[in-house]
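Notes to accompany the following structure.
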2 protein chains.
Amino acid sequence: MANQKKVQQNTILDIAEALKLSPATISRALNDHPHVKEKTKNDVLKMAAQLGYRRNNMASGLRSNKTHTIGLIVPRISMFFHAEVITTIQNGLQKYGYNLIICQSNDSLDMEKELTEILLSSRVDGLIAACTLGTTDFSHFDKFLQNGTPVVFYDRVPLNEQKATIIKGDDFRGGYIATSHLIETGCKKIAHISGPLTSNLYQDRSAGFVKAMEQHKLSVNENWVFHQELTHANAREAMRKMFDGDVVPNGLFTDNDTSAIAALEFAREKGIDVPGELKIIGYSNDPRTSIITPAITTVEQFPDEVGKKIVEALINSLKNNTNITDERTVPITIPVQLIRRMTT
Amino acid sequence: MANQKKVQQNTILDIAEALKLSPATISRALNDHPHVKEKTKNDVLKMAAQLGYRRNNMASGLRSNKTHTIGLIVPRISMFFHAEVITTIQNGLQKYGYNLIICQSNDSLDMEKELTEILLSSRVDGLIAACTLGTTDFSHFDKFLQNGTPVVFYDRVPLNEQKATIIKGDDFRGGYIATSHLIETGCKKIAHISGPLTSNLYQDRSAGFVKAMEQHKLSVNENWVFHQELTHANAREAMRKMFDGDVVPNGLFTDNDTSAIAALEFAREKGIDVPGELKIIGYSNDPRTSIITPAITTVEQFPDEVGKKIVEALINSLKNNTNITDERTVPITIPVQLIRRMTT
DNA sequence: TTGTAGGCGTTATCAC
DNA sequence: GTGATAACGCCTACAA
């Protein structure tokens, strides 16, 4: 009984028998093989429909060594940016006949490792990953590369990966234009609530921040620079620390929108006028930023573009099997754009 | 070359050879079969790790007729409610060793049908589905039930399905408490922006609305009741129509938060005081409702609870293979709760 | 254009 | 406690 749970499904043998043909012909007909008579093809298709036949992907995959399945690992699907990217990826891959196994690491490195093992067992044809913020060692992805499975990293990516495709937003420029915008609107005392420097995202945005400051001959106040998990609570705490002091910032760049929202709420409660006394700019163009009062200026990352590039790169790798091609080593960068609203 | 894309992976035969054991023993050891010596088990595990062995799920599934994979069909993962439910489901199933193939129908019935075909081919061990708003004929799910694959519907569910598990929010009560709340806070002229009546969701919420109105001897103004796709634009249009008239409502119940937000924005633009002249209540407790000014009163659906119940029900069906059990026919209802904020 | 036969990697059923 | 063997459903040389 253990393995009898599922009722037996029809197989190509059933179709073969019904049509007095050989299983091979059925297989060929179903796969639209050129050397099959039109009529035979039609007969097979009709009979397949009639019997409710569905190809067994396991058997097919075992034999052909292809699963038509792509693995995807993200921190959390409920993060706006990722949700949008995933939707685009899924719709894109579907057109090419690929399925997507979506896995969430919950931003846990252990979970991420476990998921790679699972996807390895599933023999996915390709892998897409946005790593956890704490992933600095990417060796758990090596197996895929080693056995020729293309890997596309996006958003949170390895720094020195030579064999995988890397797709990232222009975080340096994002940090730079956000900070420059604050400066241009009159801020001289600028704070930066950033994420942990273990991730390329925040390294680059921080570098952009520093660059803009330097270019305008503004000094960075280290007490106003935070590297922390970008939660609502942490942002509030950072705000509290800064506004406890005698000298307070008049510009704030946060590396995500949740922090910007928290900061805005804090300002509201403390009677700090935004944008009068404090200008705020966030990152990601989360739907909440346009809805809050005042609407928050932020940096658009074009998740749709990111998703499209991922699909394009992956399909390309899958087709050409160019797993050791040079072009792959050059990261693909998606532009960002300042969305100016009411907080600056 | 066609099927040589992936490098050959190690198999149990490789382990067997390295250890001078038979493949059968390796298989048993890896599956923690009772009749294997501890030492042998350890040796096998060690060698498997050393060789970087990963079980081939296709081969295993083909033989054992189990995929340890659950299919999930939702309209869109980026909808807040679904994103939360999915996260809970995935984390829950993971504990039981099940993977999840997440598919998006984009609220298209054709896509939904296609996805069932794909998941049929994948021979998923179970299926979870939140249907499109237009799904009134659920026969494309019959195949799963027929071959003994448990199916759990949630949110948007079939009305007369006898063999599948049904998990839904208490939409009738949600509509009822929302409307009652408006009445209790002084509204007598109440409008209802609802979704299409093809879905149980909006049938039930509408019934709750009507029931509350009747109970308080209030008449329903049919010009103020809309059944439409619950988009931002449609809600604005509905508002425009209502507020073009001489008599305007002073209470509004919308079946989702996007519509509530659109209505609030409309009111703001037209100088209609909320909650003074118009009270608004939404549905779902989308994060945006608590962030907008004024924060919107809404109905909490407890996606986390929904997710937990789904996992529980599914695991239960999977274990007991109770595919024709009576208890399954009784829908499981998750309570809802009024979240009172500033718009009422 | 169609048929035959072998094998993909694993597990289950026998034996021993 | 372990080994030999067949079978899961499909695909693809090779043969006809």
Side-chain angles (χ1 to χ4, degrees), chain A residues 1-44 47-48 51-68 120-123 125 147, chain B residues 1-44 48 51-69 120-123 125 147:
Chain A
M1 141 148 188
N3 63 345
Q4 269 305 95
K5 288 199 177 181
K6 292 185 201 161
V7 170
Q8 203 68 9
Q9 315 257 123
N10 283 324
T11 73
I12 51 172
L13 276 91
D14 295 306
I15 303 180
E17 193 172 350
L19 256 34
K20 304 288 172 214
L21 285 168
S22 80
T25 303
I26 309 300
S27 174
R28 280 188 282 251
L30 291 171
N31 290 310
D32 212 23
H33 190 100
H35 297 318
V36 182
K37 212 177 8 178
E38 266 314 308
K39 182 184 178 316
T40 312
K41 225 176 256 185
N42 288 334
D43 288 351
V44 170
M47 183 53 76
L51 294 179
Y53 168 84
R54 288 282 114 215
R55 170 196 274 113
N56 184 323
N57 281 348
M58 289 179 290
S60 157
L62 180 59
R63 178 59 234 248
S64 65
N65 205 24
K66 271 182 275 169
T67 56
H68 294 282
L120 232 21
S121 273
S122 295
R123 300 295 193 269
D125 288 343
N147 65 229
Chain B
M1 137 141 193
N3 63 347
Q4 269 306 92
K5 287 198 175 179
K6 290 186 204 162
V7 171
Q8 202 68 11
Q9 315 257 123
N10 282 325
T11 72
I12 50 171
L13 277 95
D14 296 305
I15 303 179
E17 195 172 349
L19 256 31
K20 304 291 173 210
L21 286 169
S22 80
T25 303
I26 308 300
S27 174
R28 280 188 283 248
L30 291 171
N31 289 309
D32 212 22
H33 189 100
H35 297 319
V36 183
K37 213 178 5 178
E38 268 313 307
K39 184 188 176 316
T40 311
K41 226 175 253 183
N42 288 334
D43 288 351
V44 170
L51 294 178
Y53 168 84
R54 285 285 112 213
R55 167 195 279 115
N56 184 324
N57 281 347
M58 288 179 290
S60 165
L62 179 58
R63 181 60 236 251
S64 66
N65 205 22
K66 271 182 274 168
T67 56
H68 296 280
T69 297
L120 232 23
S121 274
S122 295
R123 300 292 194 268
D125 288 342
N147 64 228

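Proteins come first, then strands; the chains are lettered A, B, ... in the order of their sequence lines, and each starts at number 1. This one's a predicted model, so the numbers in the text were calculated from it and none came from an experiment. Computation of the quantities below employed the complete heavy-atom set of this structure, encompassing side-chain atoms and omitting hydrogens, waters and symmetry-equivalent molecules.
- For dC8(C), neither phosphate oxygen OP1 nor OP2 lies less than 4.0 angstrom from any side-chain nitrogen or oxygen of N56(B).
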Passes side-chain hydrogen bond (donor to acceptor under 3.5 Å, both in side chains), R123(A) versus N147(A)? Steps please.
-> CA-CA 10 Å; R123(A) 300 295 193 269; N147(A) 65 229; over 6 Å; no
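- Counting any heavy atom pair closer than 4.0 Å across all strands shown, S27(B) reaches a base atom.
- Of the side-chain N and O atoms in S64(B), none sit less than 4.0 angstrom from OP1 or OP2 of dT11(C).
- Within the structure, every side-chain polar atom (N or O) of S22(B) is placed at least 4.0 Å from both OP1 and OP2 of dT2(D).
- Rounded to whole Å, the distance from CD on E17(A) to P on dG3(C) is 14 Å.
- One interatomic measurement links the two molecules: CG of L62(B) to P of dA12(C), which rounds to 12 Å at whole-angstrom precision.
- Counting to the nearest Å, the C1' atom of dG9(D) and the CD atom of Q9(A) are 12 Å from each other.
- Judged by atom type and distance alone, R28(B) reaches the base of dG3(D) through a side-chain donor-acceptor pair under 3.5 Å.
- The CG atom of D14(A) sits 13 Å away from the C1' atom of dC10(D) (whole-angstrom rounding).
- The separation between I12(A) atom CD1 and dC8(D) atom C1' is 12 Å, rounded to whole Å.
- Between L13(B) atom CG and dG7(C) atom P there is a gap of 13 Å when expressed in whole angstrom units.
- The base of dT10(C) is not paired with the side chain of R63(B) by any donor and acceptor separated by under 3.5 Å.
- As a whole-Å value, the separation of R55(B) CZ from dG9(C) C1' is 11 Å.
- Between T40(B) and the phosphate of dT2(D), there is a side-chain N or O to OP1/OP2 separation shorter than 4.0 Å.
- Of all nucleotides listed (dG9(D), dT2(C), dG9(C)), dT2(C) comes nearest to the side chain of V36(A).
- Here L21(B) lies in heavy-atom contact (under 4.0 Å) with sugar-phosphate atoms only.
- One can place CZ of R123(B) at 20 Å from P of dT10(C), the figure rounded to the nearest angstrom.
- Of the candidates dT2(C), dG3(C), dT10(C), dT10(C) carries the atom nearest the T11(B) side chain, counting heavy atoms from C-beta on.
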